[in-house]
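These notes are about the structure you will find just below.
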Amino acid sequence: VQLQASGGGLVQAGGSLRLSCASSGRTFSSYALGWFRQAPGKERELLATVNWSGGSTYYADSVKGRFTIYRDNAKSTVYLQMNNLKPEDTAVYSCAATVAIRPHSAADFGSWGQGTQVTVSS
């Protein structure tokens, strides 16, 4: 499945952004999806996952309560709503797809979209 992320940008601390990741594949609903980020000098971090139906989600502690992952299978798109953004959220954000039922790390994901930069100013 091919993925393309968008929606990044510059926002002030406390602000919100919504990232989108659209797929051109016809089997989008067969995949679980995840959002990752990587800041300069840091390891890639798994932020959130959503299962094929959207009924099951996972969040890293660093974003729990602030970020929401959801999907629209009719539009073949997964979203990451980011609220109350902090300067430490500054990173390149990427989406990825997997056939794994309970993905736990980047190694579980086989298809990746290009990243989108999110910069949060203080």
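Only this structure's heavy atoms are used, side chains among them; waters, hydrogens and symmetry mates stay out.
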Review point. How close do S122 and A13 get, heavy atom to heavy atom, and via which atoms?
Key: CA-CB, 4.4 Å
Revision key, fill the gap. Scanning both residues in full, the closest heavy-atom pair of R71 with V50 reads NH1-O, 3.9 Å
Review point. Does a side chain donor of either S62 or E45 reach within less than 3.5 Å of an acceptor in the other side chain?
Key: yes
Exercise for review: For R66 and Q81, indicate whether the former's side chain and the latter's backbone hold a donor-acceptor pair under 3.5 Å.
Suggested key: no
Exercise for review: Specify the closest pair of heavy atoms between A39 and A91, including all atoms of both residues, with the distance to one decimal.
Suggested key: N-CB, 3.8 Å
Check your understanding: Would V1 end up clustered with V99 when hydrophobic side chains under 4.5 Å apart are linked, directly or stepwise?
Key -> yes
Point to revise | Hydrophobic cluster membership, V63 vs W35, 4.5 Å side-chain cutoff | key: yes
Exercise for review: Treat each ILVMFWY residue as a node, draw an edge where side-chain heavy atoms are under 4.5 Å apart, and state whether V11 and Y93 are in one component.
Suggested key: yes
Review point. Tell me, do V118 and L19 make a side-chain contact under 4.5 Å, heavy atoms counted?
Key: yes
Practice item. Working to the nearest 0.5 Å, report the span between NE2 of H104 and CZ of F109. Key: 10.0 Å
Point to revise | Shortest non-hydrogen contact from T49 toward P103 | key: CG2-CG, 4.3 Å
Study note, to complete from the structure: To the nearest 0.5 Å, atom CG of L33 lies from atom OH of Y79 at 12.0 Å
Check your understanding: If you take all heavy atoms of A32 and A100, which pair is closest and at what distance?
Key -> CB-O, 3.9 Å
Check your understanding: Within a reach of under 6.0 Å around CD of Q114, are more than 12 heavy atoms found that belong to other residues, nucleotides or ligands?
Key -> yes
Exercise for review: To the nearest 0.5 Å, tell me how far S111 OG sits from Y31 OH.
Suggested key: 5.5 Å
**Study point:** Nearest-0.5 Å distance that lies between atom CG in L85 and atom OG in S121
**Key:** 10.0 Å
Study note, to complete from the structure: One should read off an interatomic distance between R37 CZ and L80 CG, to the nearest 0.5 angstrom, of 9.5 Å
Review point. Are any side-chain N or O atoms of T98 and backbone N or O atoms of G110, one a donor and one an acceptor, separated by less than 3.5 Å?
Key: no
Check your understanding: Mind checking whether Y59 and T68 have side chains closer than 4.5 Å, heavy atoms only?
Key -> yes
Review point. If only atom types and distance count, is the side chain of S23 paired as donor or acceptor with the main-chain N or O of Q2 below 3.5 Å?
Key: yes
Exercise for review: Ignoring hydrogens and angles, tell me if any N or O in the side chain of T116 forms a donor-acceptor pair with the backbone of G8 under 3.5 Å.
Suggested key: yes
Practice item. Check whether F67 and V120 end up in the same hydrophobic cluster, where Ile, Leu, Val, Met, Phe, Trp and Tyr are linked by side-chain heavy atoms less than 4.5 Å apart. Key: yes
Point to revise | Candidate pair T90 and Q117, rule side-chain contact (heavy atoms from CB on, under 4.5 Å), full reasoning | key: CA-CA 8 Å; T90 295; Q117 177 70 45; 3.9 Å; yes
**Study point:** Least distance between heavy atoms, D72 atom then F28 atom
**Key:** O-CE2, 4.2 Å
Check your understanding: Got T77 and Y70 here, is their nearest side-chain heavy-atom distance under 4.5 Å?
Key -> no
Practice item. Verify, without hydrogens or angle tests, whether N73 (side chain) and W52 (backbone) share a donor-acceptor contact under 3.5 angstrom. Key: yes
Practice item. In sequence, state the C-alpha distance, the side-chain angles, and the governing distance for K86 and D89, and then conclude on salt bridge (Lys or Arg N to Asp or Glu O under 4.0 Å). Key: CA-CA 5 Å; K86 305 175 181 179; D89 293 319; over 6 Å; no
**Study point:** Atom pair CE/CD1 of M82 and I69 - distance to nearest 0.5 Å
**Key:** 12.0 Å
